[in-house]
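Structure first, commentary second.
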Amino acid sequence: MLLFLAGPIAYCVWISFTDMQLTGSDRTNFVGFDNFRRAFGDEKFRNAVWLTLVFTFLSSLVGQNTLGLALAGLMRRASRPVRTVTGAVVIAAWVLPEIVAAFLLYAFFRREGTLNAVLDFLRLPDQNWLFTLPILAVSFANVWRGTAFSMLVYSAALAEIPQEINEAAEVDGARGWRRLVHVTLPLIRRSIATNLMLNTLQTLSVFGLIWAMTRGGPGDRSTTLPVFMYDQAFTKSLIGYGTAVALLLLLVGALFSAVYLRLVRDEV
Amino acid sequence: MRRGTRQRLAANAALLALAAAFALPLLWLLLASVDSAATLRVRAPDSPTGDNFSAVWTEEITFTPMRNSLLLCGGATLITVACAALAAYPLSRLRSRLTRPYLLTVLFSTSLPITAIMVPVYGLFVRINLVDTMYGTALFLAASQLPFAIWLMKNFMDGVPVVLEEAAWTDGASAFQSLVRVVLPLMGPGLTVVTVYCFVMMWGNFFVPFMLLLSPDQLPASVSVFSFFGNYGTVVYGQLAAFSILYSTPVILLYVLIARRLGGGFALGAAVKG
């Protein structure tokens, strides 16, 4: 583990300070902070950062987290067969290999795909989703694929709430939203925090899904940081620059990971 | 009571609507795979056929990539599980000052984005001539899965009481012997879960082999299905769907296997929660 994880990370730090390239000159020079300065001055890099934020916010915070909680909550009320069917479908979307999921959703969002068929049926205007709103399409794809995890975490969390507390709240007249906000959510706040952290971390590193659906395009309107990194390092052969971007991504990840660690520390 | 019934109906309706939304893309996959003129839209095939399956049932399209996947993921899983067992044993049994920091480090690296280190790993692999080799890729896959495997393994191992080992120790067994002869057999279900989980994660991994393997005859199914719909000009969607199903079947079966054994996916959720 040290060799294969810490090694590359150390190597990564070193390369990010060089101008290493795959083609052209064999010599690799030390260039100091140039790569980082360049990144922050690069319009495309800032665009990628922005899109990563949008992607993470939409798919992880809003989508997976809220939908996962909603599913878990509804499942506690629903009857057994419905619960089984929904659980199976949602989990199937999660278990499918990443690339198959990407392909399925590619078909779903294409101009001649299923989503537009449904919209036509409902007499709503259709769209060329992958062209007009690519970031929205890939975010939905990520929600489709990742919600099962939140659902499982929240189901477990909700099952742990003692029945007496719910009954007491009922007696005190807390219903619907008020009970959710004042009783349920505070009780599972640790699960919420943990789940948000893990979702965010997972979403930060999504590559295959986006790459297979849009290749970061059209233009660079769905180029999140991992896609940008790949593009710089391999299409443009700028390994040094790509690595600098990777390092920044890793730092963000490490930051979230550290927060996550603080959250679960007492339980180790 | 009436309010309860109404609530249940509302919850059922909402869940079914959500399930339908989740199911649509899946439905397309199933229908397209038996439709000889499949399009991108969900539609019932005119006459269901197995043509798509027999079209992709060839050495080049199905068998080679699947065999590669199996070698790659199977090898990597073996390495991961063996290393994880060896690492988890002292973590679970010994009370040392290092245990806690080590566990926290493991947990920390579990959540780092692997995607981010792929570019430098590629650079490193070029330097040490491991690019485009199966064992190099398998090693890296194993390494990337290891932190989580150790974590999971340790949690399962904690469930095996130390008392059972003490008998072995009095008979003069070493730590390694008691691990292999006593602990591992006793944590059978846990071991299965770790193994299957690692395998499933690697089977679906696209990015690592996509970056580290180049020659077509070494590509695992995750990458070959991608080039299938990326490069071949006109795409025969039906065949692609059929292949996707073949490729996904093993992991779904394995998942069902462990889900049954542990009463739902909740064990994994709980394990991740810490």
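Bear in mind the structure is a predicted one, so any value in this text is a computation, not a measurement.
Within the 4.5 Å cutoff, no side-chain heavy atoms of B:K154 are placed close to those of B:M157.
Atom CZ of A:F140 is surrounded by 12 or fewer heavy atoms from other residues, nucleotides or ligands within 6.0 Å.
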Between side-chain atoms of residues 245-256 of chain A and protein atoms elsewhere (two or more places apart, or another chain), which donor-acceptor pairs fall under 3.5 Å?
none

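Checked against side-chain hydrogen bond (donor to acceptor under 3.5 Å, both in side chains), A:S150 has the following partners two or more places apart in sequence or in another chain: A:N195, A:N199.
Looking at B:L18, only its side chain comes within 4.5 Å of chain A, counting heavy atoms on both sides. Both the backbone and the side chain of A:L71 have a heavy atom closer than 4.5 Å to some heavy atom of chain B.
Chosen from B:L9, B:L26, B:N12, the residue pairing most often with chain A at heavy-atom distances under 4.5 Å is B:N12.
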